[in-house]
Amino acid sequence: MRGRNAGTDLLGLSFGSVLLLALTACESGPTRPTEFQARPVRKGESYLVSAKGDPIGRVIEWVIVDVEHDIRRWQVETLGGQWVGYADQWGNFYRYELFEEREVWLGLYSMNDGLAALFEREGVTWAPETEGTAAPR
């Protein structure tokens with residue numbers, strides 16, 4: 001008799017363990033990141049910026065991968081790699097200023113107009129960089 005109860009108790013313990021594992025597995029899924037938690041960032045395309053046909057800089061797209069939607073930002077730099085400013089996906093343009101604690105908001109622009117404001121040049125265009133059009137770094 002004693003052997004039977006030991007087997008039944010062991011079977012009950014195994015079933016209870018499996019049930020507990022199943023319940024905790026259902027409750028613990030991928031957690032949603034908090035507002036300030038780091039998110040993965042990937043580099044997008046690079047664009048060559050020209051003013052009246054002369055290359056003056058480049059734009060690099062950065063994508064912050066978020067659960068709800070990706071967030072895009074375009075870093076603007078000179079051909080030498082110095083940061084000029086950036087644009088966000090809503091059309092806000094910001095310029096980095098020496099010895100300033102924060103960047104300076106220039107306004108809401110289309111990409112061409114915002115790049116013209118950042119570089120303080122007229123006739124600014126931008127196009128995807130390809131091997132044939134890439135300016136030297």
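Bear in mind the structure is a predicted one, so any value in this text is a computation, not a measurement.
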side-chain hydrogen bond (donor to acceptor under 3.5 Å, both in side chains) involving Tyr96 - partner list, sequence neighbours excluded: Arg73
With Ala51 via side-chain contact (heavy atoms from CB on, under 4.5 Å) - residues at least two apart: Ile56, Arg121, Val124
Transitive ILVMFWY side-chain link Leu115 to Tyr109, under 4.5 Å: yes
All side-chain hydrogen bond (donor to acceptor under 3.5 Å, both in side chains) counterparts of Trp126, not counting sequence neighbours: Asn112
Sub-4.5 Å side-chain heavy-atom contact between Gln82 and Glu77: no
CA sep, side-chain torsions, deciding dist, call: Glu61, Arg72, salt bridge (Lys or Arg N to Asp or Glu O under 4.0 Å): CA-CA 7 Å; Glu61 178 186 30; Arg72 287 178 163 63; 3.0 Å; yes
Any Val76 side-chain heavy atom under 4.5 Å of Trp83 side chain: no
Smallest separation among heavy atoms of Pro128 and Glu45, with atom names: CB-OE1, 3.8 Å
With Tyr86 via side-chain hydrogen bond (donor to acceptor under 3.5 Å, both in side chains) - residues at least two apart: Glu103
Sequence-distant partners of Trp62, ring-ring contact (aromatic ring centres under 6.0 Å, His included), two or more places apart: none
Residues that Trp105 engages under side-chain hydrogen bond (donor to acceptor under 3.5 Å, both in side chains), provided they are two or more places apart: Asn92
Salt bridge (charged side-chain N to carboxylate O under 4.0 Å, His left out) partners of Glu120, counting only residues at least two apart: Arg95
Minimal non-hydrogen separation, Arg58 against Leu79, with atom names: NH1-O, 3.6 Å
Ile64 side chain near Asp70 side chain, heavy-atom distance below 4.5 Å: no
Asp88: salt bridge (charged side-chain N to carboxylate O under 4.0 Å, His left out) partners, not counting sequence neighbours: none
Leu48 vs Glu129 side-chain heavy atoms within contact, under 4.5 Å: yes
Pro55 side chain reached by Val49 side chain, heavy atoms, under 4.5 Å: no
Joint cluster assignment, Leu108 & Val104, ILVMFWY side-chain distance < 4.5 Å: no
Hydrophobic cluster membership, Trp74 vs Tyr94, 4.5 Å side-chain cutoff: no
Side-chain hydrophobic cluster, 4.5 Å single linkage: members besides Val63: none
Same cluster (ILVMFWY, side-chain, under 4.5 Å), Val59 and Leu106: yes
Rounded distance (nearest 0.5 Å) linking atom NE2 of His69 with atom CD1 of Ile71: 5.5 Å
With sequence neighbours excluded, residues passing side-chain contact (heavy atoms from CB on, under 4.5 Å) with Arg102: none
